[in-house]
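Only a predicted model underlies this, so the values are computations on that prediction, with no experimental measurement involved.
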Amino acid sequence: MPPAEPGLPKRIGGVRKIIAERMLASLHSTAQLSYHGDADVTDLMARRSAWKTAGQAISLEDCLIHAIARTLEAYPDFNGVADDVSITRHESIDLSLAISTPMGLMTPVLRDVGSMPLVDIADRRRDLIERAQVGKLAVSEMKGGSFTLSNLGHTRVRYFTPILNAGQIALLGVGRLVETAIVDEVGHPKAARMLPLSLTADHRIVDGEPAGQFLDQLCRHLEQFRAKP
């Protein structure tokens with residue numbers, strides 16, 4: 001939606017109105033709380049560079065999706081939807097991807113991502129993003145997600161408090177990768193690449209301790225990344 005001209009009110013309508021209504025409904029119907037942490041992805045980024053040299057285009061977001069799937073397998077309470085009277089946990093991991101497009105925010109679903117090898121995650125994610133940008137997604141491709149990933153790593157944002165996709169129990173926000181210095185296991189300083197992560201969860205469904213454990217496990221999956229293209 002283009003900005004209104006100075007001094008002239010512009011009616012909120014179309015996709016922007018739908019987004020506004022869904023975000024407001026999400027905030028009004030859930031007890032949202034965000035948790036922040038950092039993952040040391042120094043080794044993972046080095047592996048990505050080696051993959052790129054070998055001609056394998058695997059993004060950091062592809063690795064994140066794989067790590068999210070592994071974490072949701074260990075913490076299934078975060079994989080599902082809820083309303084005022086019931087909780088439905090999904091058997092498959094159907095990941096909604098928050099994508100900014102010329103038409104507005106879209107959330108296509110990467111279905112059954114838990115069963116996908118890394119290369120398939122990369123191919124399928126690129127396909128969804130490309131079709132989202134030109135408005136070629138079917139409505140059915142944007143329904144039924146059980147968890148959402150929102151990536152602002154291309155901006156200067158480090159941490160934020162992402163609003164839950166209506167009905168879902170949790171959402172992960174990703175900030176800008178930061179190069180910094182940390183202390184290693186024996187007390188020596190070393191360069192590191194830290195990835196800021198923000199987990200929003202519905203406190204009606206999951207408490208702070210399991211949310212902290214989820215974020216900690218996700219960081220460990222990224223720091224000890226084992227998947228190959």
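Expressed to the nearest 0.5 Å, how far CG of Leu215 lies from CZ of Phe78 amounts to 9.5 Å. Taken to the nearest 0.5 Å, the CZ atom of Arg125 stands 11.0 Å off from the CG atom of Leu95. If you take CG on Leu199 and CG on Leu218, they are separated by 8.5 Å, rounding to the nearest 0.5 Å. Taking CD1 of Ile121 as the start and CD1 of Ile58 as the end, the distance is 8.5 Å to the nearest 0.5 Å. The line from CG of Leu222 to CE of Met45 is 11.0 Å long, rounded to the nearest 0.5 Å. Note that CG of Leu172 is 5.0 Å distant from CZ of Phe147, once rounded to the nearest 0.5 Å.
Follow the hydrophobic side-chain contacts under 4.5 Å out from Tyr75 and you reach Leu197 in the same cluster. Residues Leu44 and Val178 do not share a hydrophobic cluster, defined by chaining ILVMFWY side chains whose heavy atoms lie under 4.5 Å apart. Hydrophobic clustering (side-chain heavy atoms under 4.5 Å, transitive across Ile, Leu, Val, Met, Phe, Trp, Tyr) keeps Val119 apart from Ile129. Grouping the Ile, Leu, Val, Met, Phe, Trp and Tyr side chains by contacts below 4.5 angstrom, directly or via other members, places Ile87 apart from Val81. Ile93 and Met142 fall within a single hydrophobic cluster, where Ile, Leu, Val, Met, Phe, Trp and Tyr side chains are chained together by heavy-atom contacts under 4.5 Å.
For residues 215-229, the side-chain hydrogen bond (donor to acceptor under 3.5 Å, both in side chains) pairs, not counting sequence neighbours, are Asp216-Arg220, Gln217-His221. Pairs passing the side-chain hydrogen bond (donor to acceptor under 3.5 Å, both in side chains) check and including a residue from residues 44-58, sequence neighbours excluded, do not occur. The salt bridge (charged side-chain N to carboxylate O under 4.0 Å, His left out) contacts involving residues 89-100 comprise Asp77-Arg89, where partners must be two or more places apart or lie in separate chains. The salt bridge (charged side-chain N to carboxylate O under 4.0 Å, His left out) contacts involving residues 151-165 comprise nothing, where partners must be two or more places apart or lie in separate chains. Sorted by first and then second residue, the side-chain hydrogen bond (donor to acceptor under 3.5 Å, both in side chains) pairs involving residues 177-188 (not counting sequence neighbours) form an empty list.
Contact record, Ser198 with Tyr159: OG-CA, 3.6 Å, taken as the closest heavy-atom pair. Pairing each heavy atom of Ile99 with each of Pro108, the nearest pair is CD1-CG, 3.4 Å. Taking each heavy atom of Leu137 and Ala132 in turn, the nearest pair found is CD1-CB, 3.5 Å. The nearest pair of heavy atoms linking Ala201 to Val206 is CB-CG2, 3.6 Å. In terms of heavy-atom proximity, Ala122 sits nearest to Asp62 at CB-OD2, 3.2 Å. His90 and Gly145 get closest at one heavy-atom pair: CE1-O, 4.2 Å.
In terms of modelled atom types and a separation under 3.5 Å, the side chain of Asp202 and the main chain of Gln32 share no donor-acceptor contact. Between the side chain of Thr42 and the main chain of Arg193, a donor-acceptor pair closer than 3.5 Å is present. Judged by distance alone, the side chain of Asp120 and the main-chain N or O of Pro117 form no donor-acceptor pair under 3.5 Å. Judged purely by atom type and a 3.5 angstrom limit, Thr200 uses its side chain to pair as donor or acceptor with the backbone of Pro162. Using modelled atom types, one side-chain atom of Arg70 and one backbone atom of Gly114 make a donor-acceptor pair closer than 3.5 Å. Of the possible polar contacts, none joining the Asp207 side chain to the Glu209 backbone as a donor-acceptor pair under 3.5 Å is found.
Ile65 is not listed as a side-chain neighbour of Met116, based on a closest heavy-atom distance of 4.5 Å or more. Side-chain atoms of Leu128 and Arg131, non-hydrogen and from C-beta on, do get closer than 4.5 Å to each other.
Listed by chain and number, the residues in a ring pair (Phe, Tyr, Trp, His ring centres under 6.0 Å) with Tyr35 amount to none (sequence neighbours excluded). Applying the salt bridge (charged side-chain N to carboxylate O under 4.0 Å, His left out) test to Arg126 and every residue at least two apart in sequence or in another chain returns Asp123. Remark: Ser140 engages Ala138 in a side-chain contact (heavy atoms from CB on, under 4.5 Å) (not counting sequence neighbours). Applying the side-chain contact (heavy atoms from CB on, under 4.5 Å) test to Lys143 and every residue at least two apart in sequence or in another chain returns Val139. Not a single side-chain contact (heavy atoms from CB on, under 4.5 Å) links Ser29 to another residue, sequence neighbours left out.
Residue Gln168 forms a side chain to side chain donor-acceptor pair (under 3.5 Å) with just one option from Asn79, Thr30, Thr148, and that option is Thr148.
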Starting from the C-alpha separation in whole Å, work towards a yes-or-no answer on side-chain contact (heavy atoms from CB on, under 4.5 Å) for Leu152 and Val174.
CA-CA 6 Å; Leu152 293 180; Val174 183; over 6 Å; no
For the pair Val157 and Arg176, evaluate side-chain contact (heavy atoms from CB on, under 4.5 Å) and give the outcome as yes or no after the intermediate values.
CA-CA 6 Å; Val157 171; Arg176 183 180 181 133; over 6 Å; no
Carefully, step by step, assess Ile68 and Leu149 under the rule side-chain contact (heavy atoms from CB on, under 4.5 Å).
CA-CA 9 Å; Ile68 289 169; Leu149 172 63; 4.0 Å; yes
Where do Asp38 and Cys219 land on the side-chain contact (heavy atoms from CB on, under 4.5 Å) test, with the steps shown first?
CA-CA 7 Å; Asp38 297 279; Cys219 289; over 6 Å; no
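Taking the charged nitrogens against the carboxylate oxygens, Glu130 and Lys136 have no contact shorter than 4.0 Å, which rules out a salt bridge.
Under the 4.5 angstrom side-chain criterion for Ile, Leu, Val, Met, Phe, Trp and Tyr, the cluster partners of Leu171 are Leu164. Through side-chain heavy atoms spaced under 4.5 Å, either directly or across other Ile, Leu, Val, Met, Phe, Trp or Tyr residues, Val109 is tied to no other residue.
Checked against the 6.0 Å centroid threshold, His36 and Phe160 do not count as a close aromatic pair.
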